[in-house]
Amino acid sequence: MRRLALLSVLVPAVFLAGCGTDTILSPTTPSIAPSLKPGVDGNFTYTTFDVPGATLTAAQGINPRGDIVGFADVGGQRHGFLLRDGEFTTIDFPGAFGTDARGISPDGDIVGGYSLPGEPAVNIHGYRLTKHGEFERVDYPGHTNTIPQRILPDGTILGCRHDENTMSTMRGIVIARSGSWELEQSATMNNGATPSGRLIVGLWTSMQGRGEGYVVEDGVFTPFIVPGSTFTAAWDVNPASEIVGVYRDASGLVHGFLRRGDDYATLDVPGATATRAFGINPRGDVVGNFTAGGSTHAFLATRER
């Protein structure tokens, strides 16, 4: 596996307008699940994959080109990864105890989080890794932790900020070159947006204590749940306003979902005991992770065209 060549080791904190083992061997060949599952616009074929040597692999985001980012646990440490043209590249923020990658822009800029040795486990700091291999810190001013989830074509970053009391101080945030802002609602996390930023999706805990998804469209906050679910979280949205996420059904089983308009489709990797959908690109390709045999693996779901 090829490592990212870093053009700068670390740069000073960047607010973007306000606001053990580190080498993984060559990638394995993804396995193709033979089953098809019904979707809103057709059928999906599931491709499953693992970072070589990892005990856990989780895909988090995918861009229009089909580049996939996520994280993997290898040798007792968490590393971010980029999967491009069948080749894995590790992503480790300098000096971090653990790193994850969550979103990737059309140009290849990557955002995610990292943790530092000696800090509480809840503490996560944000970073941006440019397509040129330069790391930049992403910190929302005045708060202990920043968790970037997505980066839009113009460089706008979405995610959340929080302090020591994670839930009560968590707010969905937008960090843009023109200025940064956060949601008024507590316990919110902005997870994805259309390229213009006009429609944002995320997850929050309602006043009743239930996890719900939400849509912010033209500044209007609207929560939603998958019908019949006891928990819903929206994780990404593409330019066609197709939303993917995770829900828990009445029997306690966890599934991915695809929402288009008022229609919902369940996404289940064949043979999985749990499936979680985290990212979707303009083509409608979906990435996430699933549990099978007690282990977590990554998947890519592609729609018949």
Side-chain angles (χ1 to χ4, degrees), residues 21 24 27-39 43-62 68-83 88 90 98-103 112-113 115 121 124 147 149 189 191-192 202-203 205 210-213 225-226 228-236 243-259 264-280 285-303:
T21 299
I24 302 174
T28 56
T29 301
S31 59
I32 306 296
S35 301
L36 297 175
K37 300 297 293 183
N43 293 321
F44 284 92
T45 298
Y46 291 87
T47 302
T48 63
F49 62 93
D50 292 289
V51 170
T55 56
L56 176 152
T57 302
Q60 298 286 293
I62 182 170
I68 299 170
V69 293
F71 58 86
D73 289 353
V74 182
Q77 187 171 352
R78 178 156 295 185
H79 308 268
F81 72 79
L82 166 66
L83 176 57
F88 288 96
T90 55
T99 304
D100 60 54
R102 297 170 182 262
S115 54
I124 300 176
I147 306 176
Q149 293 286 357
M189 177 182 285
N191 291 327
L203 63 90
T205 301
R210 180 175 63 182
E212 299 178 347
I225 62 170
V226 174
S229 70
T230 60
F231 170 88
T232 298
W235 282 100
D236 203 6
I243 300 171
V244 294
V246 178
Y247 77 93
R248 184 175 58 232
D249 65 24
S251 63
L253 298 178
V254 175
H255 312 270
F257 74 82
L258 170 66
R259 169 184 162 177
Y264 290 85
T266 293
L267 303 179
D268 283 324
V269 174
T273 55
T275 300
R276 298 170 175 86
F278 288 116
I280 185 170
D285 301 328
V286 179
V287 295
N289 64 55
F290 68 99
T291 303
S295 299
T296 299
H297 315 271
F299 74 84
L300 165 66
T302 53
R303 193 177 305 167

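For the single chain, residues carry numbers from 1 onward in sequence order. Reckoned from all heavy atoms, side chains included, excluding hydrogens, waters and symmetry mates.
Of the inter-residue distances, the one linking Phe299 atom CZ with Asp50 atom CG reads 13.0 Å to the nearest 0.5 angstrom. The OG1 atom of Thr273 sits 9.5 Å away from atom CZ of Phe290, with the distance rounded to the nearest 0.5 Å. Distance check, rounded to the nearest 0.5 Å: OG of Ser229 to CD of Glu212 gives 8.5 Å. Put simply, OG1 on Thr302 and CG on Asp285 are 6.0 Å apart, with the number rounded to the nearest 0.5 Å. Note that CZ of Arg102 and CD of Gln149 are 4.5 Å apart. Values are rounded to the nearest 0.5 Å.
Every residue two or more places apart in sequence or in another chain was checked for a salt bridge (Lys or Arg N to Asp or Glu O under 4.0 Å) with Arg276, and none qualifies. For Phe278, the ring pair (Phe, Tyr, Trp, His ring centres under 6.0 Å) criterion is met by Trp235, not counting sequence neighbours. By the side-chain hydrogen bond (donor to acceptor under 3.5 Å, both in side chains) test, His255 is found to be paired with Asp249, Asp268, residues two or more places apart in sequence or in another chain being considered. Remark: Thr205 engages Met167, Ala187 in a side-chain contact (heavy atoms from CB on, under 4.5 Å) (not counting sequence neighbours). Applying the side-chain contact (heavy atoms from CB on, under 4.5 Å) test to Ala101 and every residue at least two apart in sequence or in another chain returns Val69, Ile91, Ile110, Tyr127. Evaluation of the side-chain hydrogen bond (donor to acceptor under 3.5 Å, both in side chains) rule for Thr275 yields no partner, not counting sequence neighbours. In this structure Asn289 satisfies the side-chain hydrogen bond (donor to acceptor under 3.5 Å, both in side chains) test with no other residue, sequence neighbours excluded. Listed by chain and number, the residues in a side-chain hydrogen bond (donor to acceptor under 3.5 Å, both in side chains) with Thr230 are Arg248 (sequence neighbours excluded).
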- Might you work through the side chain to side chain contact (heavy atoms under 4.5 Å, CB included) test for His79 and Val51, ending with a clear yes or no? CA-CA 10 Å; His79 308 268; Val51 170; over 6 Å; no

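Across all non-hydrogen atoms, the minimal contact from Thr291 to Thr296 is OG1-OG1, 4.0 Å. Taking both residues in full, the closest heavy atoms of Phe49 and Leu300 are given as CE2-N, 4.2 Å, listed atom of the first, atom of the second, then distance. Across all non-hydrogen atoms, the minimal contact from Val287 to Ala59 is CB-CB, 3.9 Å. Considering all non-hydrogen atoms of both residues, Gly279 and Asp236 come closest at CA-OD2, 3.5 Å. Nearest heavy-atom pair, Val269 versus Tyr46, reported as atom, atom and distance to 0.1 Å: CG2-CD2, 3.7 Å. In terms of heavy atoms, Ala54 sits closest to Ala72 at CB-CB, 3.9 Å.
Side-chain contact check for Thr90 versus Phe81: every heavy-atom pair is 4.5 Å or farther apart.
Counting only residues at least two apart or in different chains, salt bridge (Lys or Arg N to Asp or Glu O under 4.0 Å) contacts with residues 71-80 comprise Asp73-Arg78.
Checking side-chain atoms of Thr232 against main-chain N and O of Val226 turns up a donor-acceptor pair under 3.5 Å.
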